[in-house]
Amino acid sequence: MLIHLICAARPNFMKIAPLYHALKKEDWAEPYIVHTGQHYDLNMSDAFFKDLSLPEPNLHLGVGSGTHAEQTGKVMISYEKALMDRRPDLVVVVGDVNSTMAATLAASKLGVKVAHLEAGLRAFDRTMPEEINRVVTDSLADILWTPSPDAVENLIREGVSPDKIHNVGNIMIDSLEMLRGKIEQQDVYRDFGLQPQGYCLVTLHRPSNVDNPESLTRLCKILVQMTEKIPLVFPVHPRTRKNLEQNNLLDILRNGNGLSLPDPLSYIRFMNMVFNCRFVVTDSGGIQEETTYLGIPCLTVRPNTERPITITNGTNQLCKLEELTDKVDAILSGSSPQAKKIEFWDGRTADRIVAFLRRHQAFPVARRLSSQLPC
Ligand code: UD1
């Protein structure tokens, strides 16, 4: 069974890695990595392949950056050619980036079956490009692998047939558990002259936070004020660095004593910084989940989240810019939500997916989906 695993951007690599390694052990499966090239820098892509022990991609589409339509169009055009050269039995897309939607469109139009891993997440906010990618991908995919029960509910509410939905759990936790030993061996905080629990880790890259010069300036000022309470380590995403440079804001940040601005860290080094921080300030999706799993307080600088389970069952709190200082004070004085265990966030999601595919691989996917075979 030829299975394309589509990856494109930083948050995708830790989602395909556990599945790649699990499929590689199966004699009936041929996992085939397609990298669209949406992220191309060493520290946004190659470093992750290395940490996650992924081989070179079988196919690299090299699409690079561009507007949303350009990026989506370029992936569709190149990936369609690859699909026509050698047709896979299944295309697995992950997450919610532009390439996820583009690969889904190209495959669906050729009648190639698509499975979406991390299906059903909804922020109910169509100003987020990722929300549009999620809705389009889920409406076309043949198999919907969800990370949590709220995602199942969203899909059912949208009228998706329950036959298509399989709650397999959170694959990001598989990567974390797969590499826990290596993550725990590191002491990356020492590179910044810090101690465990003695710093806040910051990541910010959402267009809504970093593309508008006014809100980016406010954000920078608040971060500088925070350094009076706790040192900050802020690995800077390329989108954010570009906007900080264009608006001459790097100097404001550098005025903050105790604010480090490294380039993005590799997976193992970054997770070591997460494991040892006092709390996180972020607008990322995945970090909301990782901090919930680890029981680390997380302030998400966004008006909504597609991962509400990290609030109801986890350590995550949504936070407006003007609330940030008070919420930081509360965390520093010991007040933050406690996490509960979430079903199937256990490091075994890839095994569940492989078991699902193993049970069904002898049948054409279309027939499987219309049959009553249980997950
Ligand atoms: C993308 C995803 C977002 C995800 C994020 C993780 C979409 C719509 N957005 O956002 O969901 O959370 O990745 O990082 O798919 N750049 C580089 N080097 C790189 C990659 C990007 O310099 O390796 C620059 C690009 O030139 C561009 C900017 O960063 O100016 C943004 O890149 P892009 O892939 O368009 O979106 P992200 O903001 O990274």
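Atoms within a ligand are numbered from 1 in the order they appear, just like the ligands themselves. On a predicted model such as this, the values are computed, not experimentally measured, just so you know.
- Taking every non-hydrogen atom of Arg206 and a distance limit under 4.0 Å, the qualifying atoms of ligand 1 come out as 11 (O), 12 (O).
- At a 4.0 Å heavy-atom cut-off, ligand 1 touches His39 through backbone and side chain alike.
- The shortest contact between atom 2 (C) of ligand 1 and any protein heavy atom is with Val97 CG1, 3.6 Å.
- Heavy atoms only, all atoms of each residue included: Thr227 and Asn257 are closest at CB-O, 3.3 Å.
- Smallest separation of non-hydrogen atoms from Ser99 and Val75: OG-CG2, 3.8 Å.
- In terms of modelled atom types and a separation under 3.5 Å, the side chain of Asp283 and the main chain of His205 share a donor-acceptor contact.
- Among protein heavy atoms, atom 18 (N) of ligand 1 sits closest to Asp41 OD2, 2.9 Å.
- Formation of a donor-acceptor pair under 3.5 Å by the Asn12 side chain with backbone atoms of Cys7 is not found in this model.
- Among His205, Arg10, Glu131, Met128, the residue whose heavy atom lies closest to atom 5 (C) of ligand 1 is His205.
- The local environment of CG in Asp85 is crowded, with over 12 non-hydrogen atoms from other residues, nucleotides or ligands closer than 6.0 Å.
- Considering Ala8, Pro238, Ser45, Pro264 only, the shortest heavy-atom separation from atom 22 (O) of ligand 1 involves Pro238.
- Taking every non-hydrogen atom of Pro11 and a distance limit under 4.0 Å, the qualifying atoms of ligand 1 come out as 6 (C).
- Atoms of ligand 1 found under 4.0 Å from any heavy atom of Glu130, numbered from 1 in the order shown, are 3 (C), 9 (N), 11 (O).
- When hydrogens are left out, the protein atom nearest atom 37 (P) of ligand 1 is His237 CE1, 3.8 Å; that is the closest non-hydrogen contact.
- Close approach of ligand 1 to His68 is summarised as follows: ligand atoms under 4.0 Å from at least one heavy atom of the residue are 8 (C).
- Using modelled atom types, one finds no donor on one side chain facing an acceptor on the other under 3.5 Å when comparing Thr100 with Asn133.
- Backbone and side-chain nitrogen or oxygen atoms of Asn133 are examined, and none is located within less than 3.5 angstrom of a nitrogen or oxygen of ligand 1.
- For atom 26 (O) of ligand 1, the nearest non-hydrogen atom of the protein is Ser65 OG, 2.8 Å.
- Ligand 1 places these atoms under 4.0 Å from at least one heavy atom of Gln71: 34 (O), 35 (O).
- Counting non-hydrogen atoms of neighbouring residues, nucleotides and ligands closer than 6.0 angstrom, the CD atom of Glu56 reaches no more than 12 such neighbours.
- Comparing Met44, Lys242, Arg239 against atom 31 (C) of ligand 1, the shortest heavy-atom distance belongs to Arg239.
- The backbone N or O of Val168 sits nowhere less than 3.5 Å from a side-chain atom of His166 that would complete a donor-acceptor pair.
- Contact check on Asp346 versus Arg352 returns a salt bridge, with a Lys/Arg side-chain nitrogen under 4.0 Å from an Asp/Glu carboxylate oxygen.
- Between Tyr40 and ligand 1, at least one pair of N/O atoms sits closer than 3.5 Å.
- Protein heavy atom at the shortest distance from atom 8 (C) of ligand 1 is Asn98 OD1, 3.3 Å.
- Of the possible donor and acceptor atoms, none in the side chain of Ser45 sits under 3.5 Å from a partner among the backbone N and O of Asp41.
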